[in-house]
**Student:** 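Please see the structure below; I have some questions.
In what follows, every chain begins at residue 1, and chains take the letters A, B, ... in the order their sequences are listed.
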Amino acid sequence: MNKANDCVKDNLNLYFDNAATSWPKPEKVYKAAEIQMRQFCGNPGRSGHTRTLEADRLIYHSREALATLFNISDPARIIFTLNATDALNIALKGFLQVGDHVLFTAMEHNSVLRPLGRLRQDGLITATMIPCSVEGFPDLDFLERAYLPNTRLLVVNHASNVTGTIAPLQQMIASAHIKGVAVLVDAAQTAGTIPIDTAAASIDMLAFTGHKGLLGPTGTGGLYVREGLDLKPLREGGTGSQSESDLHPESMPERLEAGTLNSAGLAGLLEGIHFIEQQGIAAIREHEKNVRTLLYEQLQEVSGISLYGPEDSEKTSAVVSFSLDNADCGEIGFILENSYAVLCRTGLHCAPLAHKAINTFPAGTVRLSPGYYTRREDIDYLVKAIKEIAGLANR
Amino acid sequence: MRFTMVIYDINLLITTSLYLGRVLMVRSCYITFPTTFFAIRAESLLKKFSYPYKMVPVPRVISSSCGTALRCDCENIRAIRDYLLENKLKLESYYRLEEEGLKISGVEELILDE
């Protein structure tokens, strides 16, 4: 069996783990990363020869493509990072100062919870969790009462990686801005699949990854920082500019980027963004909504199933979390892979507070995350498999 | 007697030197940038502009923050500068260089009025 494609069976795409990383990628993504390494492998910003300039151009165009996708007027305000976790660390540790108070929702991922945990443990900041409903929606009344005089930042997960629940960004940003509080949006689950208008939404900082909805390779991601916010850099070093100075350049994007960028990864990412532009993000969103609705509706017929997150796919990303009576979610995942070639993710999904909010802690859930390449027949097969497993569990 | 010919069109320099087999002198102007981001943005913007230019490694006689500079004909530098500033680019400095073969025989920093 071809291990690389062991979730492709009878012409079905049984990869249901797009919330972890998207697969497959558009063909051009694979090719662009290879061509970048083979033919244009210069160190961006360094040597000044033609390959270096080619790498510089690629990085510039990737920045510009992201700026267009997220409606950001100045591409220099976007920095490239390893992934969303890296971007969130740069944002949190670069923005927060000693004595600051932070608000965050219960749906946050460990990529937010752990950097905040470290800053709290070191006695540098204080933080308050905004509780969420069983469907994963933040309690906006609680938010209104949670601001302190030293609150400087609100962190919001745009869509939960556990339930798919989309946070009411507009209301939360409006609320924070009235109090003079900046907003950091974690778009790990939404960049590339749900339209984000950074300017219209007045987002202060936007963290995203390149290897999920943007369809790029792993090791790519970024952070948008609005003009006027000057983050303290986590890393300093080579940029290819101002080499005589022993201090890191202050102008963006170099300010928050040190060391050689992942040009092969970014070449793939740029093709991922081009693919999204060609298909249209609205069409991608529509397709993902349809497959998510189909999945949710069919799963409702499974006996002994509990489904988490809102029923209405308009209010979620393409994620469905479930559990079965009398079955351990890890076992379900194991059988799905070994008997049905279905790949998914089980457990706590790096979001323990989200599972507490939806009452699935510590058992966790089975998470199914279809993608743009998922079709109706894939869903039919998947639901049939889950029905059989539920039958076994309740025998 | 040494033959010296002054060529202003930078794109003709290499081909003409090869053809004549002699050291030629070229006068060209340079715009430097604070960071690579602005250098590449300049290149991207100038594609829509008619003046010839080339992105080159910064000659060591020039002090620049970024390793890539824009080389152009001196008669066009003001127009190029104005166009880039109109597009909110950050530029660092402007220079005129006299290059003879591999040697740089003259460097002058230019003060361009607004």
**Student:** Between A/His49, A/Arg63, A/Glu64, A/Arg57, which residue shows the highest count of heavy-atom pairs closer than 4.5 Å to chain B?
**Tutor:**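 Most heavy-atom pairs within the cutoff with chain B belong to A/Arg57.
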**Student:** Could you tell me which portion of A/Pro44 (side chain, backbone, both or neither) has an atom closer than 4.5 angstrom to a non-hydrogen atom of chain B?
**Tutor:**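 No part of A/Pro44 comes within 4.5 Å of chain B.
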**Student:** Verify the neighbour count for atom CD of A/Glu250: are there more than 12 heavy atoms of other residues, nucleotides or ligands below 6.0 Å?
**Tutor:**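 No.
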**Student:** If you measure from CG on A/Leu53 to NZ on B/Lys54, what distance do you get to the nearest 0.5 Å?
**Tutor:**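 Rounded to the nearest 0.5 Å, the CG-NZ separation comes to 8.5 Å.
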**Student:** Which answer fits B/Thr35, side chain, backbone, both or neither, if we ask what part of it has an atom under 4.5 Å from a heavy atom of chain A?
**Tutor:**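 Both backbone and side chain of B/Thr35 come within 4.5 Å of chain A.
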**Student:** Let's test your reading of the structure: which of B/Glu43, B/Lys88, B/Arg41, B/Met55 forms the most heavy-atom pairs below 4.5 Å with chain A?
**Tutor:**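 Looking at each option in turn, the highest pair count goes to B/Arg41.
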**Student:** Using a cut-off of 6.0 Å, state whether more than 12 heavy atoms not belonging to A/Glu227 lie near its atom CD.
**Tutor:**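 Result for CD/A/Glu227: open.
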**Student:** As an exercise: rank B/Ala39, B/Ser64, B/Ser44, B/Ala69 by heavy-atom pairs under 4.5 Å with chain A and give me the winner.
**Tutor:**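 Greatest number of close heavy-atom pairs with chain A: B/Ser44.
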**Student:** Tell me, out of B/Val58, B/Val56, B/Thr36, who's got the most heavy-atom pairs with chain A below 4.5 Å.
**Tutor:**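 Greatest number of close heavy-atom pairs with chain A: B/Thr36.
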**Student:** Got a sec: does the NZ of B/Lys90 have more than 12 other heavy atoms crowding it under 6.0 Å?
**Tutor:**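 No - once you tally the heavy atoms of other residues, nucleotides and ligands closer than 6.0 Å, there are 12 at most.
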**Student:** Can you tell me how far apart CZ (B/Phe37) and CG (A/Asp74) are? Round to the nearest 0.5 Å.
**Tutor:**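 Between atom CZ of B/Phe37 and atom CG of A/Asp74 there are 5.5 Å.
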